[in-house]
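Here's the structure, in structure tokens; my notes come after.
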There are 2 protein chains.
Amino acid sequence: MMEASQVGTTRRPLSRDRVLRAGVALADEEGIEALSMRRLAQRLGVVPMALYKHVANKEELLDGMVDVVVSEIDPPLEAADWRAAVRERVLSARRVLLRHPWARPVIETRTGASPAVLDHMDSLVAMFRAGGFSAELTHHVMHALGSRMWGFTQEVFPSAPPPEDPALREAMFRQVTSRWPHIAEIAGAGAAHRADYVVGGGCDDQFEFEFTLDLLLDGFERLRQQDWRPRA
Amino acid sequence: MMEASQVGTTRRPLSRDRVLRAGVALADEEGIEALSMRRLAQRLGVVPMALYKHVANKEELLDGMVDVVVSEIDPPLEAADWRAAVRERVLSARRVLLRHPWARPVIETRTGASPAVLDHMDSLVAMFRAGGFSAELTHHVMHALGSRMWGFTQEVFPSAPPPEDPALREAMFRQVTSRWPHIAEIAGAGAAHRADYVVGGGCDDQFEFEFTLDLLLDGFERLRQQDWRPRA
DNA sequence: ACCTGAACACCGTTCAAGT
DNA sequence: ACCTGAACACCGTTCAAGT
């Protein structure tokens, strides 16, 4: 007969890998704010302290979860040119990160790089070097790519949906157009024409991401062709 | 005679402004993780529940604190060209954010824009429009600027200092150079030559920030001159 | 009507007592 | 030696009892 703690859980022995994967699943399903050591232990049918056999603390759990997610990124392509190779790898990272939205803020708060993170970075650096970028230019270009190497942009436009009440929405619209006229003017000017959104909101994320990625890659290519050198 | 709760605190009546400024001071001095409703109340010589008269909850406290910080950004300059105006305003934002390092992650987690945030965005949009950017191009260019409009880049290189022990450092160095040879190659190639740092770490943040900002501004200018249009 | 102490429902992590 | 219940030192927020 099964014990209560085993209901709904296969009673495999706990391992670091099982802890990390359960953490990812919990964050995927209920969001990162729902991920606590206690809730994760409960999900695994285990006493909270049992987790500390496999991760030193919650920070190390998050480190490991990032590693699991980053490992899902497709292996680097053997592409003809550096631009296609980098572009595809970044968009591949983006597809993974879109499946695990909680990973974005977690990656941003990591203080050390995990092996999988270094693997991803190393493969990008290799692409630039193979494409004829100097070590120095590659260094700066990697900084410029920044968190975009994970396929996300920090969204700075407010994303709250407009209020339901038409009168209130109208009042808000009037306030925005009078106090921030320039924002109001460009709000609807994105690819997706959603007039009901006052500020941003209805923007096409994928379009904006690729727009900026291509702008950066164009800039990189120009510097490469110019044989860019520091303090020149 | 003073009550214990008044020692070290001027007994002014509590106000939303005083709560927000105390929050900023606490976060400046002890970091964002030290900011709790209870600790903030203690600092103000007040019972925790007294704060809820002035902010609905902790999220609204953080919203207000961001507003206080963003209001410290210098007013927009009347510059001859859009490029100088945008550049100066972004670097001004950067100076403010460097004084309040906790504000970076907090800005990133806000879901709605405060008036001061919209003021900053509106002034940037106005600069692009005055510089001859179409509403549509300005929209995409603002997305491309992203969180860089606050003067920060998401740092993706691990920043942990190398271990003290020379033998351990040597072992780590050897592991990195063999497993991630391309990263090792570009690690020391930044402006600041700090050979003791294996991966990044010793990079010149200000240089990298301006490098990428100028790369983006160059790209914006090129699109403007080409009279960029969507799906062309 | 206003203010606030105690309580509720949580946290991450330590530690000593049990097997 | 291993495992774990209870405890510690916190959280944000609710609520009812006090003035």
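Computed from a predicted model, the values in this text were never measured in an experiment. Order of the sequence lines sets the chain letters (A, B, ...), proteins ahead of strands, with each chain counted from 1.
Below 30°, between 30° and 60°, or above 60°: for B/H139 and B/H143 the angle between ring planes is between 30° and 60°, a tilted geometry.
Checked against the 6.0 Å centroid threshold, B/H140 and A/F207 count as a close aromatic pair.
Rounded to an integer number of Å, the gap from CG of A/L26 to P of C/dC11 is 10 Å. Atoms CG (A/L61) and C1' (C/dG12) sit 12 Å apart, rounded to a whole Å. Straight-line distance from the CG atom of B/L51 to the C1' atom of D/dT14: 15 Å, rounded to whole Å. Here the P atom of nucleotide D/dG12 and the CD atom of A/E33 are 16 Å apart, to the nearest Å. Atom CG in B/L35 sits about 16 Å away from atom P in D/dC10, given to the nearest Å. When the P atom of C/dT13 is taken as reference, atom CD of A/E59 falls 8 Å away, rounded to whole Å. In this structure, A/M37 atom CE and C/dC10 atom C1' are separated by 16 Å, rounded to whole Å. The distance from atom NE2 of A/H54 to atom C1' of C/dG12 is 19 Å, rounded to the nearest whole Å.
Closest contact between the side chain of B/S36 and the listed nucleotides C/dC11, C/dA6, D/dC11 involves D/dC11. Each of D/dT13, C/dT13, C/dG12 was ranked by its minimum atom distance to the side chain of A/R38; first place goes to C/dG12. Here the side chain of A/K58 is nearest to one of D/dG12, D/dT14, C/dG12, namely C/dG12. Candidate nucleotides D/dT14, C/dT14, D/dT13 were compared by shortest atom distance to the side chain of B/M49, and D/dT14 ranks first. Residue B/V47 places its side chain closer to C/dT4 than to any other of D/dT4, C/dC11, C/dT4. Among the nucleotides C/dT13, C/dC3, D/dT13, the one closest to the side chain of A/Y52 is C/dT13.
Under the 4.0 Å criterion applied to side-chain N and carboxylate O atoms, B/E29 and B/R43 are assigned as salt-bridge partners. With respect to A/R174 and A/E170, a salt bridge is recorded, a charged nitrogen being found less than 4.0 Å from a carboxylate O.
Atom CZ of A/R21 has 12 or fewer neighbouring heavy atoms from other residues, nucleotides or ligands inside a 6.0 Å radius.
Here A/K53 reaches the OP1 or OP2 of D/dC3: one of its side-chain N or O atoms lies under 4.0 Å away.
Nucleotides C/dA9 and D/dA9 are separated by 22 Å at their P atoms, to the nearest Å. Comparing D/dC8 with C/dG18, their P atoms are spaced 16 Å from each other, to the whole Å.
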Can you run through DNA chain D from 5' to 3' and write each base as (, ), [, ], | or . depending on how it pairs? Watson-Crick or G-U wobble, both distances under 3.5 Å. ||.|||||...|||||.||
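Note: B/M37 CE to B/Q42 CD = 14.0 Å, rounded to the nearest 0.5 Å. One distance of note links CG of B/L44 with CZ of B/R39; it measures 12.5 Å at 0.5 Å rounding.
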